[in-house]
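Down below is the structure, laid out as structure tokens.
FYI, the numbering just counts along the sequence from 1. All ligand and atom numbering here is 1-based and tracks the order in the structure.
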Amino acid sequence: MRTIDWVDGAIELVDQTLLPDKCVTLRIETVGELVDAIRRLAVRGAPALGVAGALGVLLADGEPAQVAEQIAALRAARPTAVNLAWGVDQAAAQLPRGREAVLAAALRVRDDDLAACRAMGERGADLLEGDRLRIMTVCNTGGLAAVERGTALGVVQTLHERGRLAEVLALETRPLLQGARLTTWELARMGAPHRLIADSAGPYLLAKGGVDAVLIGADRIAANGDTANKIGSYALALGAERAGVPFIVVAPETTIDPGTPSGDQIDIEDRGADEIVTIRGVRLAPEGTQALNPAFDVTPHDLITAIVTDKRVIRP
Ligand SMILES: CSC[C@H]1O[C@H](OP(=O)(O)O)[C@H](O)[C@@H]1O
């Protein structure tokens with residue numbers, strides 16, 4: 001199943017806001033529809049956003065000034081994952097050469113992601129030692145965060161295919177519950193053993209000794225290795241460091257941003273109070289309760305054991 005693809009002149013993508021209850025494919029035909037899908041996380045995950053950005057350039061239409069405005073809006077739809085802007089730029093750079101050149105560039109971004117995810121799965125599984133591995137992970141980093149297979153959960157899938165996976169402990173990942181809704185759905189489809197845990201249980205279970213490695217994805221890796229990822233990643237990194245458990249980031253080379261010197265310069269998306277004080281439209285906190293909602297945090301490079309990409313393993 002492909003999370004996102006170019007089909008008969010439009011983007012088709014799985015609407016992840018409806019999972020795990022319904023698997024619905026949306027047909028996206030305008031930049032406005034795509035920006036909306038990105039903003040409400042119908043399509044999400046750094047690699048998938050890179051592909052969405054590249055394919056989205058093909059949807060831009062009108063006078064040159066209108067095309068430029070649409071491309072700028074697409075590029076800025078979410079700030080933290082470097083892949084979105086990178087994907088837009090890969091395709092937009094070909095606009096002077098015509099639509100066929102843009103299409104070729106966008107399809108190359110898609111096809112490169114397919115190859116990258118398979119390579120990361122192999123490289124990550126090769127890096128880990130042991131035949132009955134217990135893996136902890138946060139958010140969703142499977143095929144739903146890419147075109148297929150994904151990053152950290154792609155390593156899990158490869159471990160499972162090799163018969164080396166004992167269990168996955170998946171953090172539910174408040175507030176949008178990518179772990180509870182999406183990672184469990186993907187692990188069940190794989191037939192991989194797993195249990196869901198509350199986010200705050202992660203560091204405690206690491207301290208208890210039930211985890212062989214923490215595998216996470218990334219939205220932007222700064223030049224010094226500081227890594228922005230879903231909120232809760234930093235807490236796991238602290239817990240892993242204290243427990244002596246390897247903390248491994250799995251991300252394609254396209255998530256590394258040499259233009260950002262360190263984690264301090266990464267723009268962390270704040271998604272507003274509603275996602276914190278309500279859940280699926282039901283209010284959790286008293287009317288008028290204020291909230292802080294950083295969607296990502298930054299793990300300093302010195303808490304990261306290794307970064308596995310499609311081309312190499314990077315150690316501090
Ligand atoms: C494979 S990278 C996926 C990455 O994106 C997620 O964020 P979001 O669900 O808000 O797009 C999370 O940070 C994952 O690690």
Side-chain angles (χ1 to χ4, degrees), residues 3-4 13-17 19 37-53 77-87 113-114 116-121 124 135-157 170-186 199 202 214-221 226-237 247-257 263 266-272 275-276 293-299 304 307-310:
T3 297
I4 182 171
L13 55 84
V14 174
D15 183 344
Q16 300 185 37
T17 64
L19 288 171
I38 291 170
R39 287 289 308 140
R40 62 188 185 85
L41 278 74
V43 57
R44 44 144 302 277
L49 292 177
V51 175
R78 290 184 75 193
T80 305
V82 64
N83 307 65
L84 176 57
W86 173 85
D113 183 71
L114 284 164
C117 287
R118 190 161 287 279
M120 284 183 279
I135 304 294
M136 182 175 285
T137 193
V138 61
C139 200
N140 173 255
T141 57
L144 290 170
V147 179
E148 288 178 359
R149 291 188 78 90
T151 61
L153 220 62
V155 173
V156 165
Q157 184 166 354
L171 273 68
E172 60 179 353
T173 318
R174 283 265 307 152
L176 295 182
L177 302 175
Q178 288 93 324
R181 295 186 299 111
L182 307 178
T183 297
T184 55
W185 186 76
E186 289 191 307
D199 298 331
V214 177
L215 299 182
I216 71 165
D219 291 81
R220 189 182 297 249
I221 300 172
D226 294 348
T227 294
N229 195 57
K230 185 52 53 191
I231 191 78
S233 302
Y234 178 44
L236 285 189
F247 186 85
I248 296 169
V249 174
V250 184
E253 289 283 333
T254 51
T255 303
I256 297 174
D257 175 14
I266 297 176
D267 183 354
I268 299 297
E269 179 184 9
D270 183 302
R271 292 187 54 84
E275 292 178 358
I276 301 293
N293 182 14
F296 302 94
D297 57 28
V298 176
T299 298
I304 297 171
I307 298 172
V308 174
T309 79
D310 45 311

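- Among pairs with a residue in residues 135-145, those fulfilling side chain to side chain donor-acceptor pair (under 3.5 Å) read Arg44-Asn140, Asn140-Thr183, Asn140-Glu186, at least two apart in sequence or across chains.
- Annotation: Arg271, atom CZ; neighbour count of heavy atoms from other residues, nucleotides and ligands within 6.0 Å is above 12.
- For ligand 1, the 4.0 Å heavy-atom shell takes in Leu41, Arg44, Gly45, Ala46, Pro47, Arg78, Cys139, Asn140, Thr141, Ala145, Thr151, Gln178, Gly217, Ala218, Asp219, Asn229, Lys230, Phe296, ordered by chain and residue number.
- For Asp199, the side-chain contact (heavy atoms from CB on, under 4.5 Å) partners are Leu171, Glu172, Thr173, Arg174, not counting sequence neighbours.
- In this structure, CD1 on Ile268 lies 5.0 Å from OG1 on Thr80, to the nearest 0.5 angstrom.
- Residues that satisfy the side chain to side chain donor-acceptor pair (under 3.5 Å) test with Thr151, not counting sequence neighbours, are absent from this structure.
- Judged purely by atom type and a 3.5 angstrom limit, Asp310 has no side-chain atom pairing as donor or acceptor with the backbone of Pro252.
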